[in-house]
Amino acid sequence: MTIPTHLTIPTHRIAVIPGDGIGTEVMPPAQRLLELAGHRFGFAFEWQNFDWSCEYYARTGAMMPADGIEQLAECDQILLGAVGFPGVPDHVSLWGLLIPIRRAFQQYINLRPIKLLPGIESPLRKVPAGGIDFQVVRENNEGEYSESGGRLYRGLPQEVAIQESIFTRFGVTRAMNYAINLAEQREGRLASATKSNGIIHTMPFWDEILRELGQEHPLLEISEYHIDALAALFVLDPGRFDVIVASNLFGDILTDLGAAIIGSIGIAPSANLNPEGEFPSMFEPVHGSAPDIAGQGKANPLGQVWAASMMLDHLGHPEAGAALVDTMGHVLLETDVRTPDLGGRATTEEVSDALAAAFATVTAEAVLR
């Protein structure tokens, strides 16, 4: 598709936060693919760059400026690299940047696809090509990750730490409704992660809401799994799953396990969604800042590219989003260009070059079809 120069094309203003470690290395390949997608499918990007990171914290004493949320609100979406670096406690970097963004912009859905890409062999035995393909919907604003609690008698033998989980009917219901709608668009199967045999108040509450909502969707196949059994089934029978809905903590743990069974946490994406589009959503890989390999050219950019694909879907460009995923599959299946986490020797830049070259091939083949 060639856009006549006299026509105005949609332009998306994207906040770019590379963050720390390998986040600064995987962001340029993703932006490169996004620019190619925009040129091919008829839209453009205006990049707003923010240097908020642990390095920024070391300089200023904060992970972002006091008006950081107001600055991000001027953008359509947020593309995040990774946050965290030695010397800054993880709870400082997380609660100073990611969680305030998720909550201020009501990004109450964390969506993570668990899909075995072409050309990658799962570490699980006997999983065929394409044998893993499900989505995890994680409640992203409350649950176990609340600020309610505190510490008493610090440093004394009777020291106490109290952490309270917060589950509201409003918060649980909207997460479950999102998961139900997604399951109905896919294969019609929804699994719920619970632990109501051991967690006496919040998990039975979670189960009750699911059953109430399930009565309104009689054609939907709904299953409840205790979280420990569910984790085991990720390994023993991942093909049974279509959509999974989970609380903040359970979803966080399950999706890292999900990344492992599709070959590498380096390729896994994540979307922090405000489904209504009233506020920006945020898209990121889940591999973290990996300071042990930062600056060595070993970072896998596929997770950031996949996150960028999810951003395109959310922006209303599903064909462009699919083209990015197809491009990743083409490189993995047709070439040996892979970073060390996938058993290869390619650098981040070499994978970026291979993706850019493959994008032209993939989109040209799509036109011919």
Side-chain angles (χ1 to χ4, degrees), residues 16-33 49-58 63-64 78-99 101-102 110 112-115 117 120 122-123 136 138 251-272 282-311 324 328 331-332 337-355:
V16 178
I17 310 175
D20 300 297
I22 65 172
T24 62
E25 300 171 50
V26 298
M27 187 64 76
Q31 290 179 270
R32 181 180 184 183
L33 267 291
N49 298 302
F50 299 93
D51 65 346
W52 306 339
S53 61
C54 289
E55 183 179 351
Y56 182 91
Y57 176 85
M63 290 296 298
M64 62 178 171
I78 305 164
L79 196 59
L80 175 70
V83 176
F85 214 75
V88 178
D90 287 342
H91 70 276
V92 171
S93 57
L94 182 66
W95 284 87
L97 187 64
L98 268 67
I99 290 182
I101 292 172
R102 290 171 178 171
N110 184 266
R112 299 194 185 183
I114 310 297
K115 181 176 181 179
L117 294 175
I120 293 183
S122 170
V136 178
R138 167 188 168 194
D252 195 359
I253 295 171
L254 284 174
T255 48
D256 278 3
L257 176 57
I261 66 175
I262 61 171
S264 170
I265 199 170
I267 65 175
S270 172
N272 302 277
M282 180 167 61
F283 304 84
E284 57 177 318
V286 302
H287 51 54
S289 60
D292 56 321
I293 63 169
Q296 301 176 35
K298 296 180 179 179
N300 191 336
L302 295 184
Q304 189 77 67
V305 172
W306 201 345
S309 167
M310 297 181 76
M311 185 178 76
L324 260 61
M328 294 191 298
V331 170
L332 291 167
V337 182
R338 300 179 181 214
T339 44
D341 61 302
L342 293 176
R345 296 184 177 181
T347 65
T348 309
E349 185 176 358
E350 288 169 340
V351 174
S352 178
D353 290 341
L355 289 168

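Note: hydrogens, waters and symmetry copies are ignored here, and every other heavy atom, side chains too, is used.
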Got a sec, which residues hit side chain to side chain donor-acceptor pair (under 3.5 Å) with [X], two or more places apart in sequence or on another chain?
X: Asp20; answer: none
X: Ser289; answer: none
X: Lys298; answer: Gln296
X: Glu349; answer: none

Side chain to side chain contact (heavy atoms under 4.5 Å, CB included) with [X]: which residues, sequence neighbours excluded?
X: Ile253; result: Leu249
X: Pro29; result: Pro301, Thr348, Ser352
X: Ala294; result: Ile22, Glu25

Just so I know, are the side chains of [X] and [Y] near enough to count as touching, which here means a heavy-atom distance under 4.5 Å?
X: Leu342; Y: Leu332; answer: yes
X: His287; Y: Asn300; answer: no
X: Pro113; Y: Met310; answer: yes
X: Met63; Y: Val83; answer: yes
X: Leu355; Y: Leu302; answer: yes
X: Gln304; Y: Pro269; answer: no

Quiz prompt | Residues that Arg32 engages under salt bridge (Lys or Arg N to Asp or Glu O under 4.0 Å), provided they are two or more places apart | solution =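 Arg32: salt bridge (Lys or Arg N to Asp or Glu O under 4.0 Å) contacts with Asp353.
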Quiz item: Partners of Glu284 by salt bridge (Lys or Arg N to Asp or Glu O under 4.0 Å), sequence neighbours excluded?
Solution: Arg102
When rounded to the nearest 0.5 angstrom, what is the spacing between [atom1] in [X] and [atom2] in [Y]?
X: Ile78; Y: Asn272; atom1: CD1; atom2: CG; result: 9.0 Å
X: Met64; Y: Ile17; atom1: CE; atom2: CD1; result: 8.0 Å
X: Met328; Y: Leu33; atom1: CE; atom2: CG; result: 9.0 Å
X: Leu94; Y: Ile99; atom1: CG; atom2: CD1; result: 4.0 Å

Any idea which heavy atoms bring [X] and [Y] closest together, and the distance?
X: Glu350; Y: Val337; value: O-CG1, 3.8 Å
X: Phe85; Y: Cys54; value: N-SG, 3.5 Å
X: Val16; Y: Gln31; value: CG2-NE2, 3.9 Å
X: Asn110; Y: Ser270; value: ND2-OG, 3.0 Å
X: Ala346; Y: Val351; value: CB-CG2, 4.0 Å

Identify all side-chain donor-acceptor contacts of residues 256-264 below 3.5 Å with residues at least two apart in sequence or on another chain.
unit_1 : atom_1 : unit_2 : atom_2 : d
Ser264 : OG     : Gly266 : N      : 2.9
Ser264 : OG     : Asp341 : OD2    : 2.6

Quiz prompt | Sequence neighbours excluded, every pair satisfying side chain to side chain donor-acceptor pair (under 3.5 Å) that has a member inside residues 82-92 | solution =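 Listed once each, the pairs would be none.
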Quiz item: Does CD belonging to Glu55 count more than 12 external heavy atoms closer than 6.0 Å?
Solution: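 Open: at most 12 neighbouring heavy atoms sit under 6.0 Å from CD of Glu55.
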Self-check item: Partner set under ring-ring contact (aromatic ring centres under 6.0 Å, His included) for Phe50, not counting sequence neighbours
Solution: Trp52
Practice problem: Tell me, with the steps shown, if Lys115 and Ile267 meet side chain to side chain contact (heavy atoms under 4.5 Å, CB included). | Solution: CA-CA 10 Å; Lys115 181 176 181 179; Ile267 65 175; over 6 Å; no
